[in-house]
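Since the structure comes first, as structure tokens, the remarks are kept for the end.
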Amino acid sequence: MSSPDGDHDAVDETRLLLSFVRDRDVLCPLCGYNLRNLTHARCPECREELALAVSARNLRFGWFLATITPGLFSGIAAGFLLIPMIGTTIASGGSPPWFIVVLDAFGWLSGIFALLLIKYRFAFLAQRLTVQWTWAALAWAVHVAVFAVLVALIFLS
Ligand SMILES: [Zn+2]
């Protein structure tokens, strides 16, 4: 942002920030220092650079977190499951049971799905709450079903 307009915007933003905190008790988001009568766009206590921002009054992350949680957990578990799978393969020369391989692949795919959801979170959060709720319910239903099938296969084998 070296264009004259960019510099102009930065000066304007700083002026707005300083004007906003002039007569208000606003706390530094990092250290909690009171920024009233600030003279530079930087916290005098922790030296963090400050910016004026717009945020939503009622930001609802609940269904988003509920949707990504099983995927993140499965992805991490799939990573850890890979260690004994490789160990078993090296130690015995044979491959692990097919359902363990399928489970591990499911975990990786689920983890990738959760990461994609994090990447496209704004599209998710823009959906109506009923759509978000449906995604969360689907994610949990699929994971509970896969876990139930796995437990059944372990006890049957
Ligand atoms: Zn601070």
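Index from 1, following the sequence. All values derive from a computational prediction rather than experimental measurement.
Ile112 and Val142 fall into different hydrophobic clusters, where Ile, Leu, Val, Met, Phe, Trp and Tyr residues are linked whenever their side-chain heavy atoms come under 4.5 Å apart, directly or through other members. Hydrophobic cluster membership is shared by Leu117 and Val131, with clusters built from Ile, Leu, Val, Met, Phe, Trp and Tyr side chains linked at under 4.5 angstrom. Under the 4.5 Å side-chain heavy-atom criterion for ILVMFWY residues, a single connected hydrophobic cluster contains both Leu16 and Leu18. Leu138 is not connected to Val149 by any chain of hydrophobic side-chain contacts under 4.5 Å among Ile, Leu, Val, Met, Phe, Trp and Tyr, and they are in different clusters.
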Which donor-acceptor pairs under 3.5 Å do the side chains of residues 91-100 make with protein atoms, sequence neighbours left out?
from: Ser92; atom 1: OG; to: Thr88; atom 2: O; distance (Å): 2.7
from: Ser92; atom 1: OG; to: Gly94; atom 2: N; distance (Å): 3.3

If you look only at distance, which donor and acceptor atoms sit under 3.5 Å apart when one is on a side chain in residues 37-47 and the other is two or more places apart or in another chain?
from: Arg42; atom 1: NH1; to: Arg47; atom 2: O; distance (Å): 2.7

Quick one: side chains of residues 62-72, donor-acceptor pairs under 3.5 Å with protein atoms, not counting sequence neighbours, listed by atom name and distance.
from: Thr67; atom 1: OG1; to: Trp63; atom 2: O; distance (Å): 2.6
from: Thr67; atom 1: OG1; to: Ala136; atom 2: N; distance (Å): 3.3
from: Thr69; atom 1: OG1; to: Leu65; atom 2: O; distance (Å): 2.5

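Applying the ring pair (Phe, Tyr, Trp, His ring centres under 6.0 Å) definition to pairs two or more places apart or across chains, those involving residues 137-157 are Phe106-His143. Pairs of residues two or more places apart, or lying in two chains, that qualify as salt bridge (charged side-chain N to carboxylate O under 4.0 Å, His left out) and include a residue from residues 23-34 are Asp25-Arg36.
For Leu109, there are no side chain to side chain contact (heavy atoms under 4.5 Å, CB included) partners two or more places apart in sequence or in a different chain. Ile76 meets the side chain to side chain contact (heavy atoms under 4.5 Å, CB included) test with Phe80; sequence neighbours excluded. Every residue meeting the side chain to side chain contact (heavy atoms under 4.5 Å, CB included) condition with Leu103, not counting sequence neighbours, appears here in chain and number order: Leu81, Val146, Leu150. Residues forming a salt bridge (Lys or Arg N to Asp or Glu O under 4.0 Å) with Arg22 (at least two apart in sequence, or on another chain): none. Asp12 is linked by a salt bridge (Lys or Arg N to Asp or Glu O under 4.0 Å) to Arg15, counting only residues two or more places apart in sequence or in another chain. For the side chain to side chain donor-acceptor pair (under 3.5 Å) test, no residue two or more places apart in sequence or in another chain qualifies with Arg121. Listed by chain and residue number, nothing satisfies the side chain to side chain contact (heavy atoms under 4.5 Å, CB included) test with Leu156 (two or more places apart in sequence, or in another chain).
Nearest heavy atom pair, residue Leu125 against residue Arg60, reads CD2-O, 3.4 Å.
Looking at Gln132, its side chain does come within 3.5 Å of a backbone N or O of Gln127 through a donor-acceptor pair.
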* Asked: After noting the C-alpha distance and the side-chain angles of Leu35 and Leu27, does the key distance pass the side chain to side chain contact (heavy atoms under 4.5 Å, CB included) rule?
  -> CA-CA 6 Å; Leu35 302 171; Leu27 304 182; over 6 Å; no
